[in-house]
There are 2 protein chains.
Amino acid sequence: MVYNSGEMKNRNVTIEDVARVCGLSRATVSRVINGEANVKPLTVEKVNQAISELGYHPNIHAQALSGGGARTVGIMLPKTWRSYYSSLLSGIEEIAAKEGYYALVMTRDYLNSSERIFEEGRVDGFIFRNMDRVKEHEKLLSKLQKKNIPFVLIGNPLRDYPAITIDNVGGGRTVAQHFAEHGYKKVIFLSGPKDNIDSNDRYFGFRIGFEERGMDPEGILRLQGDYSTKSGFNAVSEVVPLYRPDAIFAANDRMALGAMLCLHKSGLRVPEDIAVAGFDDSYFAKYVTPALTTVRQPFREMGTTAMKELCSMLGSGSPRGGKIILPAEFVVRASCGCPYSHDESLDVLDSDENNE
Amino acid sequence: MVYNSGEMKNRNVTIEDVARVCGLSRATVSRVINGEANVKPLTVEKVNQAISELGYHPNIHAQALSGGGARTVGIMLPKTWRSYYSSLLSGIEEIAAKEGYYALVMTRDYLNSSERIFEEGRVDGFIFRNMDRVKEHEKLLSKLQKKNIPFVLIGNPLRDYPAITIDNVGGGRTVAQHFAEHGYKKVIFLSGPKDNIDSNDRYFGFRIGFEERGMDPEGILRLQGDYSTKSGFNAVSEVVPLYRPDAIFAANDRMALGAMLCLHKSGLRVPEDIAVAGFDDSYFAKYVTPALTTVRQPFREMGTTAMKELCSMLGSGSPRGGKIILPAEFVVRASCGCPYSHDESLDVLDSDENNE
DNA sequence: CTGAAAGCGCTTACAG
DNA sequence: CTGAAAGCGCTTACAG
């Protein structure tokens with residue numbers, strides 16, 4: 001028996017249609033849909049049969065209106081995309097699919113619209129990435145928390161909001177120790193935006209690592225960048241004519257790239273004259289010349305972890321979660337001064353899509 | 001007068017609350033919300049006042065249920081993200097925000113769920129990018145069309161579905177003519193996935209350009225890739241030991257990069273021994289060595305254009321749109337054999353976020 | 001210019 | 001194990 005719903009015009013199949021076909025009430029059909037236990041097995045079968053024959057799909061708005069929630073989460077990302085957000089999203093989506101959630105993605109102006117979107121019922125909770133405008137985010141987040149609106153941050157923990165972050169301190173420290181092993185003493189730290197906690201933590205770890213190797217962290221020259229390639233280029237170009245460091249550690253790969261371009265333009269060789277390391281392990285890191293030594297962020301895992309956290313908050317009705325810190329892997333390539341062949345990147349070509 | 005809605009627990013502000021405060025009916029409040037003309041100015045003012053004092057936001061599900069639509073569009077992207085999808089999304093979102101739409105982004109398994117998502121009422125229409133699995137897409141799209149579900153494709157036009165595409169033929173042609181000017185005669189075309197129409201069109205244009213310069217397009221060696229860096233590497237590594245072309249044109253930048261890595265590994269210099277050109281102008285194109293000559297896709301504009309098209313379909317109720325072809329700009333750098341200084345990339349560092 | 005009432009498509013006590 | 005009815009928060013003829 002085929003009801004040919006596909007050809008029907010103007011009206012969708014509703015729970016009423018299913019009920020009528022089965023000679024049951026909407027209530028019973030609803031119970032079957034929601035997998036409630038107290039329904040006669042034969043009835044369940046009949047209803048499921050009718051549902052699939054009619055091609056019935058419950059209307060999400062009706063479900064949401066009668067208390068089900070939107071089963072949608074808002075994924076709020078910075079306007080200036082970084083390619084690795086893709087991996088983040090991919091991880092988020094994997095869990096979302098599993099849990100029956102959908103992702104509403106916003107990158108524009110969400111500081112002003114997050115609250116509204118929630119109150120309109122569009123989303124049940126949020127995942128935020130990006131805290132560049134710290135004050136504004138702080139304001140938004142404290143308001144959301146006050147209203148018991150569930151959210152999770154990825155990276156950049158502010159105060160004690162629930163957050164998934166990586167071991168920035170550990171990453172920075174490893175770089176410092178590696179630099180020390182190379183014998184680099186005079187070093188530059190190229191920082192991200194002011195107040196950016198990720199960047200500050202990387203700096204902090206960098207100092208610790210240096211100190212642990214018996215060097216004075218006060219000797220580290222800290223330059224201000226904003227995570228863009230250009231800012232890395234500019235920052236380095238302002239000091240390098242006068243100041244000649246042994247090595248530069250940039251708070252992200254883009255600035256590291258900018259620094260390398262600048263050094264190259266100044267006729268300096270990387271790593272022979274000045275070594276460079278970045279942070280992120282972006283797609284291009286292994287393909288630039290020399291291949292960039294960096295700290296890999298497990299973006300995909302950050303996404304899955306964040307979504308799992310959010311789902312558990314959503315499920316429990318408890319709006320507060322804790323902090324989760326994921327490890328960050330040090331990736332040695334050529335720009336730090338280690339021997340490295342581009343051949344090695346070929347082994348990982350398959351991971352093309354990993355940290356794209 | 002502040003009603004302190006923020007502190008209220010357990011219940012949202014509804015249209016009923018607004019009506020009560022104003023001493024009006026829900027109907028009238030609804031009219032004000034929807035900007036209908038036939039409402040007394042003083043009433044409008046009173047209602048708006050109450051709305052802002054109560055912090056009222058119409059529940060989207062109630063609106064959708066009573067005929068308003070979800071005001072959401074499904075943005076269906078490939079699972080293997082490319083970084084330039086970011087630009088696409090950014091363009092889409094810009095228009096969406098303007099028109100009061102939201103983006104539900106999916107990259108997984110959407111072939112099986114698009115129809116359901118629409119029928120659940122989650123989205124009003126779709127934008128698709130990615131046609132790698134041509135057969136499956138064809139099947140999905142024809143079903144959607146039959147059901148009068150609005151959608152727009154970005155790139156890869158299939159049959160006569162509404163689509164935003166770029167001038168692939170023109171791009172390929174320009175590359176061929178540029179190669180000809182360099183005097184390259186023996187050339188390779190490194191293609192994307194089989195049946196990928198974008199890739200095929202680039203090949204077609206490449207042939208035309210060659211022919212127009214009085215050369216035999218049959219002489220072009222066509223290698224099979226799949227748009228991944230590795231596939232570019234592998235394809236080239238299989239032929240280059242025996243076959244030594246003057247130049248390689250890859251259907252995208254990643255494969256061009258893979259080709260360059262392979263040539264480099266084989267001890268061949270780019271462009272001195274073999275020239276290379278790509279397609280896309282990805283973020284890394286200007287930073288690899290040598291900087292990659294390529295054809296730039298206006299991703300952001302593709303996004304805005306697609307969303308505008310979709311909105312106009314949604315507005316008019318007409319599910320069918322036409323095709324729009326955007327121009328593709330040829331970007332000359334070093335890998336084709338032209339003189340080029342990395343300094344030039346510095347001028348465009350600001351566009352960091354453009355085709356990221 | 002405004003209101004009473006029906007309806008959108010579900011879920012969920014409540015009663016049996 | 002099942003149904004009748006109320007309710008979720010809107011919009012929209014219809015009537016005035």
Flag, side chain of B/Thr72 to backbone of B/Ala70, donor-acceptor distance under 3.5 Å: yes
Looking at B/Asp124 and B/Gly69, would you say the former's side chain and the latter's main chain have a donor-acceptor pair under 3.5 Å? no
Would you mind reporting whether [Y] and [X] have side-chain heavy atoms less than 4.5 Å apart?
{"X": "A/Ser52", "Y": "A/Asn48", "answer": "no"}
{"X": "B/His57", "Y": "A/Phe118", "answer": "no"}
{"X": "A/Leu65", "Y": "B/Asn59", "answer": "yes"}

Please determine whether a side-chain nitrogen of the Lys or Arg among A/Glu115 and A/Lys147 lies less than 4.0 Å from a carboxylate oxygen of the Asp or Glu. yes
N-O pairing of A/Arg300 and A/Glu94 below 4.0 Å: yes
Of B/Ala62 and B/Gly23, the one whose closest nucleotide on DNA chain C sits nearer the 5' end is B/Gly23
Between B/Val39 and B/Ser66, which is nearer to the 5' end of DNA chain C once each is assigned its nearest nucleotide? B/Val39
Separation of atom [atom1] in [X] from atom [atom2] in [N], rounded to whole Å:
{"X": "B/Asn38", "N": "C/dT2", "atom1": "CG", "atom2": "C1'", "value": "9 Å"}
{"X": "B/Glu36", "N": "D/dT11", "atom1": "CD", "atom2": "P", "value": "9 Å"}
{"X": "A/His61", "N": "C/dT11", "atom1": "NE2", "atom2": "C1'", "value": "16 Å"}
{"X": "B/Arg26", "N": "C/dT2", "atom1": "CZ", "atom2": "C1'", "value": "14 Å"}
{"X": "B/Leu65", "N": "D/dG7", "atom1": "CG", "atom2": "C1'", "value": "13 Å"}
{"X": "B/Ile60", "N": "C/dC8", "atom1": "CD1", "atom2": "P", "value": "19 Å"}
{"X": "A/Tyr56", "N": "C/dC10", "atom1": "OH", "atom2": "P", "value": "3 Å"}
{"X": "B/Glu16", "N": "C/dA5", "atom1": "CD", "atom2": "P", "value": "13 Å"}

Decide if atom CD of B/Glu136 counts as having more than 12 heavy atoms of other residues, nucleotides or ligands within a radius under 6.0 Å. yes
Determine: side-chain N/O of [X] to OP1/OP2 of [N], distance under 4.0 Å, yes or no.
{"X": "A/Ser30", "N": "C/dT12", "answer": "no"}
{"X": "B/Gln63", "N": "D/dT11", "answer": "yes"}
{"X": "B/Ser25", "N": "C/dA4", "answer": "no"}
{"X": "B/Thr28", "N": "C/dG3", "answer": "yes"}
{"X": "A/Asn34", "N": "C/dT11", "answer": "yes"}
{"X": "A/Thr14", "N": "C/dC8", "answer": "no"}

Between the protein and nucleotides 13-16 of chain D, are there any N/O to N/O pairs under 3.5 Å, and if so, what are the atom names and distances?
unit_1 : atom_1 : unit_2  : atom_2 : d
D/dA13 : N6     : B/Arg31 : NH2    : 3.1

Please report the distance separating the C1' of D/dT12 from the corresponding atom of D/dG16, rounded so that it comes out in whole Å. 16 Å
With sugar-phosphate meaning primed atoms plus P, OP1 and OP2, does [X] contact a base, only sugar-phosphate, or nothing at under 4.0 Å between heavy atoms?
{"X": "A/Leu24", "result": "sugar-phosphate"}
{"X": "A/Ile33", "result": "nothing"}
{"X": "A/Asn59", "result": "sugar-phosphate"}

For the residue pair A/Tyr110 and A/Phe128, categorise the inter-ring angle as parallel (less than 30°), tilted (30 to 60°) or perpendicular (more than 60°). tilted
Counting a pair only when it is Watson-Crick or G-U and both distances are under 3.5 Å, which runs of at least 3 such pairs involve DNA chain D? C:1-3 with D:14-16, C:5-12 with D:5-12, C:14-16 with D:1-3
When you compare the side chains of A/Gln49 and A/Glu53, does any donor N or O come within less than 3.5 Å of an acceptor on the partner? yes
